[in-house]
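Down below is the structure, laid out as structure tokens.
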There are 2 protein chains.
Amino acid sequence: MTQTAHTSTSPGKQMLSEQVYAHLRDAIMRGNHAPRDALKPQDLAKEQGVSLAVVREALVRLVGEGLADRLPNRGFAVPACSDRRWQEIAEARRTIEPVMLRMSIERGDLDWESRVRAAHHRLARTPAYAPEEGEYYSGAWSEAHRVFHRTLLEGCGNPVLLETFDRTWTASELARRWSAHRVPDRDHADEHRQLEEAALARDADTAAEVLTQHLTQTAAGLTGCTLREPAK
Amino acid sequence: MTQTAHTSTSPGKQMLSEQVYAHLRDAIMRGNHAPRDALKPQDLAKEQGVSLAVVREALVRLVGEGLADRLPNRGFAVPACSDRRWQEIAEARRTIEPVMLRMSIERGDLDWESRVRAAHHRLARTPAYAPEEGEYYSGAWSEAHRVFHRTLLEGCGNPVLLETFDRTWTASELARRWSAHRVPDRDHADEHRQLEEAALARDADTAAEVLTQHLTQTAAGLTGCTLREPAK
DNA sequence: ATAACACTAATAATCGATTATTCGCTGGAT
DNA sequence: ATCCAGCGAATAATCGATTATTAGTGTTAT
């Protein structure tokens, strides 16, 4: 009854597992499930009207991306929050992204410059908080934020490095989602403006320094969210 | 009949899908299947005496690691060889690994030093080619090579960065597997000796420089293996 | 009273079969 | 002779049901 989605709302026809995967990923990233919560295939399958196999495939993919944990013979779960791991992710970003940014500034062409301008414009004009959308950053802002940072690095022209960025960004965002406080006195907008400015001025030293500071401050904002690590 | 592997040869009891995954991964890394070859679930399932589901799970995991391609509604295949992608992988390694090596040299403790010595000793004493094992590098040497490079970087103490290393190393090894020629005049042993020496002397500049050269030469050795990209 | 054991309920892992899609082939029309 | 339509086999994707493992609960022996 559900396998023929091509007749209903969905315009294109992708695989069932792809839809379920996207839905689950979004749910986890939006924080709909609490960390360490069990992801029961049966519930999810019934919930979305599909078979166990497709849910299972989606979960396996999520595990591969670090968006779910697998406990052998005990099923799947939302990844646990570990302060240490978040700091490691932040350090990895501080290690890699400034180097990528230097490559980007050295190699980026006119098209890159234009896309950086466009991405920054969108980010600057998007409100960070949406009143109706809960207490965290709005979905639109999060996406604009990601696109801005990614665009800055895209000038390097290396898809492998950009895949690495995507992975660490995702992990980083998952951490941010469960961050307790949001450091209200932080001026993201100015940091981003400085980044754009230095990048377009081809000032690699300044840009790398600003990015490092940006990432360091983000990591600092995450410390203290020692929620749910109750020994077990 | 096959689900109770705990009674037969296998000592521990892991999931079926884990064994199948490991077997398939090894087969691909060993080059048992040609690039662009179809990986048919039915054949693999019958071949290993398991159901389609477990093969499917293994293949999905492989795709997540870049060790298999997925063609929607057309199944799975061994990843195609693209010269450009290999150069991108090599550049990514040149971008990230020297920075990691610097961190490692700065932070590595006595245990790290000891493990570096051990890994280099094993690598230096392992023959690169095994007559009976085909025309390529021997399995034992490949593993010792990987362990040496990884151990060098493990001093950084950051698991996230090391995961990144693992991914790019795997991709790089897959490329090496299909490399046409093996640059016979290359002296790996000396490069590795220099690396060990500089690292243990805590000479970060020299070590990073040697590593960059090492990776550059490896990449150069891969150019020209433009096999099998027959338009399509 | 506590600790070890047995039993039961829940669910993870696996399987065999069904449905849907694609590829190759035959045959006819231009 | 070449190109397009329709048929048929192969196989990818999905499903429903079966088997095996785990966690929880209650019981009994010390």
Side-chain angles (χ1 to χ4, degrees), chain A residues 1-8 10-24 33 36-64 67-80 230-232, chain B residues 1-24 33 36-64 67-79 230-232:
Chain A
M1 58 183 70
T2 46
Q3 68 279 25
T4 53
H6 54 280
T7 58
S8 59
S10 162
K13 41 38 177 325
Q14 42 188 345
M15 289 187 300
L16 250 306
S17 60
E18 186 66 27
Q19 303 174 231
V20 174
Y21 163 78
H23 187 272
L24 242 175
H33 308 278
R36 289 191 177 276
D37 239 20
L39 295 168
K40 306 187 185 184
Q42 300 211 62
D43 297 358
L44 296 168
K46 184 161 282 184
E47 191 177 318
Q48 301 206 31
V50 295
S51 141
L52 290 178
V54 303
V55 175
R56 202 147 236 286
E57 173 172 332
L59 286 168
V60 168
R61 288 176 62 185
L62 262 334
V63 170
L67 284 166
D69 283 347
R70 182 164 201 178
L71 318 166
N73 284 328
R74 299 244 247 102
F76 304 86
V78 178
K232 180 275 177 69
Chain B
M1 57 184 73
T2 47
Q3 69 278 25
T4 53
H6 54 279
T7 58
S8 61
T9 58
S10 161
K13 42 37 179 324
Q14 41 187 345
M15 290 187 298
L16 252 297
S17 61
E18 186 67 27
Q19 303 174 230
V20 174
Y21 163 77
H23 187 272
L24 241 174
H33 308 277
R36 291 192 177 272
D37 237 20
L39 295 168
K40 306 187 184 184
Q42 302 211 66
D43 297 358
L44 296 167
K46 183 163 280 186
E47 191 175 318
Q48 302 206 31
V50 295
S51 141
L52 290 178
V54 303
V55 175
R56 202 147 237 284
E57 173 172 332
L59 287 168
V60 168
R61 287 176 61 186
L62 262 333
V63 170
L67 283 166
D69 283 348
R70 182 164 201 177
L71 318 165
N73 284 328
R74 298 246 250 106
F76 304 86
V78 179
K232 177 273 179 77

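These numbers were taken from a predicted model, which means no experiment stands behind them. Sequence lines set the chain letters: A, B, ... in the order given, protein chains first and strands last, and positions in each chain run from 1.
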In this structure, how many angstroms lie between the C1' atom of dT14(D) and the CD atom of Gln48(A), rounded? 15 Å
According to a strict under-4.0 Å criterion, is Ser17(B) in side-chain N/O contact with OP1 or OP2 of dT14(C)? yes
Distance-minimising heavy-atom pair for Leu39(B) and Ala77(B): CD1-C, 3.9 Å
Let me know which of Arg61(B), His23(B), Glu57(B) forms a side-chain contact (heavy atoms from CB on, under 4.5 Å) with Glu18(B). Arg61(B)
Out of Val50(A), Leu16(A), Val60(A), which residue meets the side-chain contact (heavy atoms from CB on, under 4.5 Å) rule with Val55(A)? Val50(A)
Evaluate the side-chain contact (heavy atoms from CB on, under 4.5 Å) criterion for residues Asp69(B) and Arg36(B): first the C-alpha distance (whole Å), next the side-chain angles of each, then the deciding distance (0.1 Å), finally the verdict. CA-CA 9 Å; Asp69(B) 283 348; Arg36(B) 291 192 177 272; over 6 Å; no
Pick out the pairs of N or O atoms, protein on one side and nucleotides 8-12 of chain D on the other, that lie under 3.5 Å.
residue : atom : partner  : partner atom : Å
dT11(D) : OP1  : Lys40(B) : NZ           : 3.0

Would you compute the distance between atom CD of Gln19(A) and atom CD of Gln48(A) and round it to the nearest 0.5 angstrom? 9.0 Å
Measure the distance from CG on Leu52(B) to P on dT14(D) and round it to the nearest whole Å. 13 Å
